[in-house]
Amino acid sequence: MDKNLAEQANRFVTNMDPASGSPKSDIKATSKDSVFRDLFGDRKYALQLYQAIHPEDTNVTESDISNVTIKNIFTNQEYNDLGMTVREKLLLMLEAQTNWSVNIIIRIFLYLAHTWNEYIETTSQNRYGSKKLSLPKPEFYVIYSGNRKSGPEWIRLSDEFFEGSSQYLDVNVKVLYGDGKDDIITQYVNFTKVYNEQVRLHGKTRNAVLETIRICKDKNVLKQYLLEREKEVIDIMMALFDQQKAVEQFGYEMKEEGRAEGHREGRAEGHREGRAEGHREGRAEGKLEGKKEAAINMKAEGMTESMIAKILDVGLNIVQEWLAGTVVAR
């Protein structure tokens, strides 16, 4: 990569803090952010993340790292996904919690295409010209923080979608489980496990958040980060609770509407073909229509298909069928 192009690339992935004149992260803290994005949006911890993945690269410093904010391409919702450039590498990093789907490979591939497109535009390269484009080399990772007995080290597009054929296209994603000793990935995975346990004990409450922070600091899990940003972490996690409660209440209300509609349809059908049978059929159809409408609205809010299926208590394939061809409004 030539010097001018490298300077343009740096403008693509970083901006300057007007107060200090030093680079700052592109990732901005909002109510949609997560601890995952807040933690690794800080160059200090992004460097630790990179070193955990590339321990052989011993001379990389914080100044070599720039963050790329990744937003969902189809909605304004931000997920627990981030990217960072380290010199000529582009690392795309996704988090998978309890809900696991190989569709994450497609998501990460779409992010790559989207990010490369923005990179080409920002560096003023001609995609239609004869000169070969200069692009950062991509690496793909998933941090899996759910419980597992065993799991693959790699997941591949060809294996999951094309019966093992990589003749024309393949995407290889390395899965990180936090199996190290004290590296930042292991600490983050342990943090999520403590958090899940405290939610199980105390519910989605402030006490669960405070206990998570206390226990992790006592166990030296993300201790420095939690000491530095305890208030922000509390705000992030409480905002997440509020969002989850709102979604759950929304799903409940839609179920109730579906149930009421089912009663009405059931009564009408019962008059024609038998009250009891029609009541059951009408109720079932009404509930499904209510759930379908709820699924479409949840998708518009940025919920994942697996999470929608869990909240509405239906199969993932049913949710995918409902959402097929649906255009989500911005």
Side-chain angles (χ1 to χ4, degrees), residues 1 6-30 33-71 78-96 108 111-112 115 119 122 135-145 173-192 213 216-217 219-233 236:
M1 183 180 296
E7 290 174 353
Q8 291 176 315
N10 190 52
R11 287 197 293 274
F12 164 69
V13 295
T14 190
N15 52 64
M16 304 301 289
D17 185 330
S20 65
S22 60
K24 63 179 181 178
S25 170
D26 288 331
I27 298 178
K28 299 176 178 62
T30 70
D33 272 340
S34 64
V35 172
F36 181 80
R37 286 168 59 89
D38 187 70
L39 172 66
F40 295 120
D42 186 319
R43 279 186 177 78
K44 175 169 59 179
Y45 301 108
L47 176 59
Q48 293 181 35
L49 173 63
Y50 179 79
Q51 289 172 331
I53 296 170
H54 286 288
E56 77 288 351
D57 204 347
T58 57
N59 61 349
V60 168
T61 66
E62 289 182 32
S63 63
D64 294 316
I65 296 176
S66 297
N67 294 308
V68 181
T69 301
I70 296 181
K71 293 184 179 180
E78 292 179 352
Y79 290 118
N80 289 357
D81 308 335
L82 59 87
M84 63 179 177
T85 60
V86 184
R87 295 177 178 169
E88 295 184 359
K89 296 190 185 80
L90 168 65
L91 279 67
L92 296 180
M93 183 82 58
L94 280 66
E95 180 191 19
I108 207 166
Y111 283 147
L112 173 65
T115 304
Y119 183 91
T122 306
L135 298 169
K137 299 172 184 176
E139 297 180 4
F140 309 121
Y141 300 94
V142 172
I143 293 181
Y144 181 64
S145 55
V173 182
K174 187 173 180 62
V175 186
L176 307 172
Y177 297 97
D179 295 332
K181 186 177 180 181
D182 294 314
D183 64 58
I184 195 73
I185 298 172
T186 302
Q187 290 186 54
Y188 176 76
V189 170
N190 288 339
F191 170 84
T192 63
I213 293 172
C216 286
K217 287 195 293 188
K219 292 185 175 181
N220 202 29
V221 173
L222 300 182
K223 183 176 181 178
Q224 189 62 39
Y225 166 73
L226 294 173
L227 287 171
E228 294 170 346
R229 297 191 49 86
E230 181 168 342
K231 181 183 181 300
E232 289 81 0
V233 171
I236 288 169

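Interatomic distance, CZ of Phe40 versus CG of Leu82, reported as 7.5 Å (0.5 Å rounding). Rounding to the nearest 0.5 Å gives a distance of 9.5 Å between CG of Leu135 and CG of Leu90. Expressed to the nearest 0.5 Å, how far OH of Tyr225 lies from CD of Glu232 amounts to 8.0 Å. Expressed to the nearest 0.5 Å, how far CG of Asp42 lies from CD of Glu228 amounts to 7.0 Å. One distance of note links CD of Gln224 with CD1 of Ile184; it measures 10.5 Å at 0.5 Å rounding. Annotation: the span from Glu139 atom CD to Met84 atom CE amounts to 9.0 Å, rounded to 0.5 Å.
Atom NZ of Lys44 has more than 12 heavy atoms from other residues, nucleotides or ligands within 6.0 Å. No more than 12 heavy atoms of other residues, nucleotides or ligands sit less than 6.0 Å from atom NZ of Lys223.
Among residues two or more places apart in sequence or in another chain, the side chain to side chain donor-acceptor pair (under 3.5 Å) test is passed with Asn190 by none. Tyr50 pairs by the ring-ring contact (aromatic ring centres under 6.0 Å, His included) definition with His54, not counting sequence neighbours. Thr61 is linked by a side-chain contact (heavy atoms from CB on, under 4.5 Å) to Ser63, Asp64, counting only residues two or more places apart in sequence or in another chain. By the ring-ring contact (aromatic ring centres under 6.0 Å, His included) test, Tyr141 is found to be paired with no residue, residues two or more places apart in sequence or in another chain being considered. For Asn59, the side chain to side chain donor-acceptor pair (under 3.5 Å) partners at least two apart in sequence or on another chain are Arg87. The side-chain contact (heavy atoms from CB on, under 4.5 Å) check on Glu230 picks up Ile213, Lys217, Ile234, with sequence neighbours excluded.
Checked by atom type and distance alone, the side chain of Gln48 never pairs as donor or acceptor with a backbone atom of Asp183 at under 3.5 Å. Distance alone, capped at 3.5 Å, is enough to place a donor-acceptor pair between the Thr192 side chain and the Val189 backbone.
Residues Val173 and Leu94 have side chains not in contact (no heavy-atom distance under 4.5 Å, counting atoms from C-beta outward). Using a 4.5 Å heavy-atom threshold, the side chains of Ile185 and Ile53 count as touching. You'll find the side chain of Met93 reaches within 4.5 Å of the side chain of Ile143, heavy atoms only.
Applying side-chain contact (heavy atoms from CB on, under 4.5 Å) to Val233 and the options Leu39, Val35, Leu222 leaves one that passes, Val35.
The heavy-atom pair separating Pro55 from Thr58 by the smallest distance is O-CG2, 3.6 Å. Between Leu112 and Pro138, the closest heavy-atom pair is CD1-CB, 3.7 Å. Taking every heavy atom of both residues into account, Ala46 and Ile65 meet most closely at C-CD1, 3.9 Å.
When only modelled atom types and interatomic distance are considered, Glu95 and Tyr188 share a side-chain donor-acceptor pair under 3.5 Å.
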